[in-house]
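Order of the sequence lines fixes the chain letters, A, B, ..., with proteins taken first and strands second; residue numbering starts at 1 for each chain. Note: hydrogens, waters and symmetry copies are ignored here, and every other heavy atom, side chains too, is used.
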2 protein chains.
Amino acid sequence: MREGKQEFAEWLASRKLRVTGERMAVLDEVMRANGHIDIDYLQEQFRKQKRPVSRATIYRTLSHLVQSGLVQKVLTGEGQARYEKMYGRQHHDHMICLGCGEIIEFTNDEIERLQDWVCHKKRFTIVTHTLQIKGFCEKCSAQKASVEGGATDHRRHGRN
Amino acid sequence: MREGKQEFAEWLASRKLRVTGERMAVLDEVMRANGHIDIDYLQEQFRKQKRPVSRATIYRTLSHLVQSGLVQKVLTGEGQARYEKMYGRQHHDHMICLGCGEIIEFTNDEIERLQDWVCHKKRFTIVTHTLQIKGFCEKCSAQKASVEGGATDHRRHGRN
DNA sequence: ACAGATATCGAGACTCAATCTCAACACAAG
DNA sequence: CTTGTGTTGAGATTGAGTCTCGATATCTGT
Ligand SMILES: [Mn+2]
Ligand SMILES: [Mn+2]
Ligand SMILES: [Zn+2]
Ligand SMILES: [Zn+2]
């Protein structure tokens with residue numbers, strides 16, 4: 001049986017929601033994918049499999065998957081939201097490359113601890129947090145360095 | 001002279017852009033505001049002052065202000081983007097209350113240091129970072145606790 | 001297995017923030 | 001004044017995400 005299928009079915013049942021083929025198909029695809037995927041990717045997969053699922057249903061199912069905790073929604077601030085499986089995985093934060101778009105995951109327990117501490121001081125009850133670091137991955141940093149080697153080019157740094 | 005006016009004028013000139021009344025009006029309003037404001041707020045201010053500025057111009061000018069570093073764009077992930085002045089201020093992160101929408105600012109040098117360290121280990125060149133903690137402020141935490149005092153209500157925790 | 005009650009699906013309309021288009025305008029330089 | 005170029009605003013456009021509602025699939029009891 002596919003990863004998380006049991007858990008999602010139980011979560012749906014606990015809310016008196018129905019276990020449908022479309023919902024399980026969306027679950028399967030997110031679980032099969034390794035990275036941070038978007039809606040277009042999912043629609044493309046369903047098209048290939050000759051098992052089309054409407055955008056509305058994909059969005060609705062992803063919302064359920066996120067609420068169930070099996071999937072996480074990632075807002076990069078450019079274009080569509082991305083989704084990644086969280087079933088069997090632990091919390092992590094993201095480094096996003098402005099050059100190639102690669103998303104690098106990392107965790108740091110000390111940072112997490114300090115967040116809790118800061119919130120405790122401010123009497124703030126944490127529900128979730130998002131730490132995104134934007135910059136350039138090793139590969140893109142090297143490229144950038146070589147390009148800027150001759151004439152120092154200060155144009156196009158930010159992106160709106 | 002209004003805060004940042006000199007700096008913005010110089011930044012515009014350095015890009016061969018013109019110092020116009022509309023641009024300075026947008027700068028003034030963002031500098032005058034104390035909090036994290038959105039486009040609707042700015043339009044309302046201009047309407048009150050009988051000095052209307054079009055949405056297009058507001059967006060375009062904010063983009064320039066962000067690129068110049070005088071203003072920061074804050075994406076909360078719900079509705080419009082927000083903007084806050086950064087002129088004369090230092091970097092900070094945000095706690096966002098899911099109850100009342102309040103935005104609490106905080107800084108923690110140790111967290112910043114650890115971010116640098118993690119990125120160094122991954123050979124990632126930092127450009128910017130965003131740390132947002134979502135949860136409930138002191139006031140809203142108390143309200144929530146009293147409401148849930150009797151029957152434990154597990155509905156409606158997330159939002160989308 | 002069957003039937004009724006009800007949740008779900010899909011196509012497309014719709015919302016809304018943000019961007020784009022382009023004609024009228026402003027302004028600096030000659 | 002005239003020309004060249006940057007700017008503005010009204011409205012059109014884009015695009016992600018949501019909503020509507022008639023048709024359809026799932027569940028529950030018999
Ligand atoms: Mn991830
Ligand atoms: Mn702030
Ligand atoms: Zn890269
Ligand atoms: Zn609050």
Side-chain angles (χ1 to χ4, degrees), chain A residues 5 8-30 36-47 49-68 71 73-83 158-160, chain B residues 8-27 29 36-47 49-68 71 73-83 101 158-160:
Chain A
K5 191 164 280 186
F8 191 35
E10 284 171 6
W11 185 86
L12 288 170
S14 77
R15 300 255 179 143
K16 296 202 169 65
L17 299 174
R18 290 175 181 169
V19 179
T20 67
E22 288 84 354
R23 282 173 177 166
M24 287 305 156
V26 173
L27 171 69
D28 272 8
E29 280 315 316
V30 181
H36 305 77
I37 64 180
D38 59 22
I39 269 70
D40 286 343
Y41 171 84
L42 289 174
Q43 265 196 323
E44 176 65 6
Q45 295 304 309
F46 293 134
R47 193 192 59 70
Q49 296 170 28
K50 305 237 171 97
R51 178 69 209 293
V53 179
S54 74
R55 276 199 325 289
T57 297
I58 297 177
Y59 276 115
R60 287 186 286 231
T61 303
L62 284 171
S63 176
H64 288 139
L65 285 167
V66 168
Q67 284 176 51
S68 76
V71 169
K73 187 177 187 176
V74 180
L75 300 171
T76 66
E78 19 200 285
Q80 300 139 290
R82 293 179 171 280
Y83 297 85
R159 40 184 57 192
N160 179 286
Chain B
F8 191 35
E10 284 170 6
W11 184 88
L12 288 170
S14 76
R15 301 256 179 143
K16 295 201 170 67
L17 300 174
R18 291 177 181 166
V19 178
T20 67
E22 288 84 353
R23 284 173 176 164
M24 287 305 156
V26 173
L27 171 69
E29 280 314 316
H36 305 79
I37 64 180
D38 58 22
I39 270 71
D40 286 344
Y41 170 84
L42 289 174
Q43 264 196 323
E44 175 66 7
Q45 296 305 121
F46 293 133
R47 194 194 56 70
Q49 297 170 29
K50 305 238 171 95
R51 178 68 208 294
V53 179
S54 75
R55 277 198 323 290
T57 297
I58 297 176
Y59 277 115
R60 288 187 285 232
T61 304
L62 284 172
S63 176
H64 287 139
L65 285 167
V66 169
Q67 284 176 51
S68 76
V71 169
K73 186 177 188 176
V74 180
L75 300 171
T76 66
E78 18 199 286
Q80 301 141 290
R82 293 179 171 281
Y83 297 85
R159 40 185 57 194
N160 174 285

> What is the distance from CD1 of B/I58 to P of C/dA17, rounded to the nearest Å?
13 Å

> Could you give the CZ-to-P distance, from B/R55 to D/dT14, as a whole number of Å?
16 Å

> Could you tell me whether the side chain of B/V26 reaches within less than 4.5 Å of the side chain of B/L65, counting heavy atoms only?
yes

> Could you check whether any side-chain heavy atom of A/T76 comes within less than 4.5 Å of a side-chain heavy atom of A/H36, counting everything from C-beta outward?
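Of all side-chain heavy-atom pairs linking A/H36 with A/T76, none is under 4.5 Å.
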
> Can you tell me which nucleotide in D/dG9, D/dG17, C/dA18 comes closest to the side chain of B/V53?
D/dG9

> For the CG atom of B/L62 and the CZ atom of B/R82, what is their distance to the nearest 0.5 Å?
13.0 Å

> Take the protein atom CZ of A/R18 and the nucleotide atom P of C/dA5, then report the distance between them rounded to whole Å.
13 Å

> Restricting to non-hydrogen atoms, name the atom on A/L12 and the atom on A/R18 that form the minimum distance, rounded to 0.1 Å.
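Closest approach of A/L12 to A/R18: CD1-O, 3.8 Å.
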
> Look at the side chain of A/Q80 and decide which nucleotide, out of D/dA12, D/dA16, C/dT8, has an atom nearest to it.
D/dA16

> So, under a plain 3.5 Å distance rule, would you say the side chain of A/R60 forms a donor-acceptor pair with the base of D/dT18?
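Such a pair does not exist between side chain and base.
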
> Is there a donor on the side chain of B/R15 or the base of D/dG6 sitting less than 3.5 Å from an acceptor on the other?
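A donor-acceptor contact between them is absent.
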
> Side chains of B/F8 and B/T61, heavy atoms from C-beta outward: is any pair under 4.5 Å?
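Answer yes - side chains close enough.
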
> Between C/dA18 atom P and B/H64 atom NE2, what is the distance in whole Å?
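Roughly 17 Å, once rounded to whole Å.
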
> Could you state the CG-P distance from B/L17 to D/dT8, rounded to the nearest angstrom?
10 Å

> Picking from D/dA12, C/dA13, D/dG9, which would you name as closest to the side chain of B/S54?
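The closest nucleotide is D/dG9.
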
> Atom CD1 of A/I37 to atom P of D/dA16: distance rounded to whole Å?
16 Å

> Before giving the answer on side-chain hydrogen bond (donor to acceptor under 3.5 Å, both in side chains), spell out for B/Q67 and B/S63 the whole-Å C-alpha distance, their side-chain angles and the decisive distance to 0.1 Å.
CA-CA 6 Å; B/Q67 284 176 51; B/S63 176; 3.3 Å; yes

> Using a cut-off of strictly less than 4.0 Å, decide whether B/Y59 has a side-chain nitrogen or oxygen near OP1 or OP2 of C/dA18.
yes

> Do you know which of A/E44, A/E29, A/E22 makes salt bridge (Lys or Arg N to Asp or Glu O under 4.0 Å) with A/R51?
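The salt bridge (Lys or Arg N to Asp or Glu O under 4.0 Å) with A/R51 is passed solely by A/E22 among A/E44, A/E29, A/E22.
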
> Grab the CD-C1' distance between B/E78 and D/dT18 for me, whole Å please.
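Going from B/E78 (CD) to D/dT18 (C1'), I get 16 Å.
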
> Name every residue in residues 19-28 of chain A that has at least one heavy atom under 4.0 Å from any atom of DNA chain D, in order of residue number, or write none if there are no such residues.
A/V19

> Within this structure, what is the CZ-to-P distance between A/R82 and D/dA16, rounded to whole angstrom?
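After rounding, the gap between these two atoms is 12 Å.
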
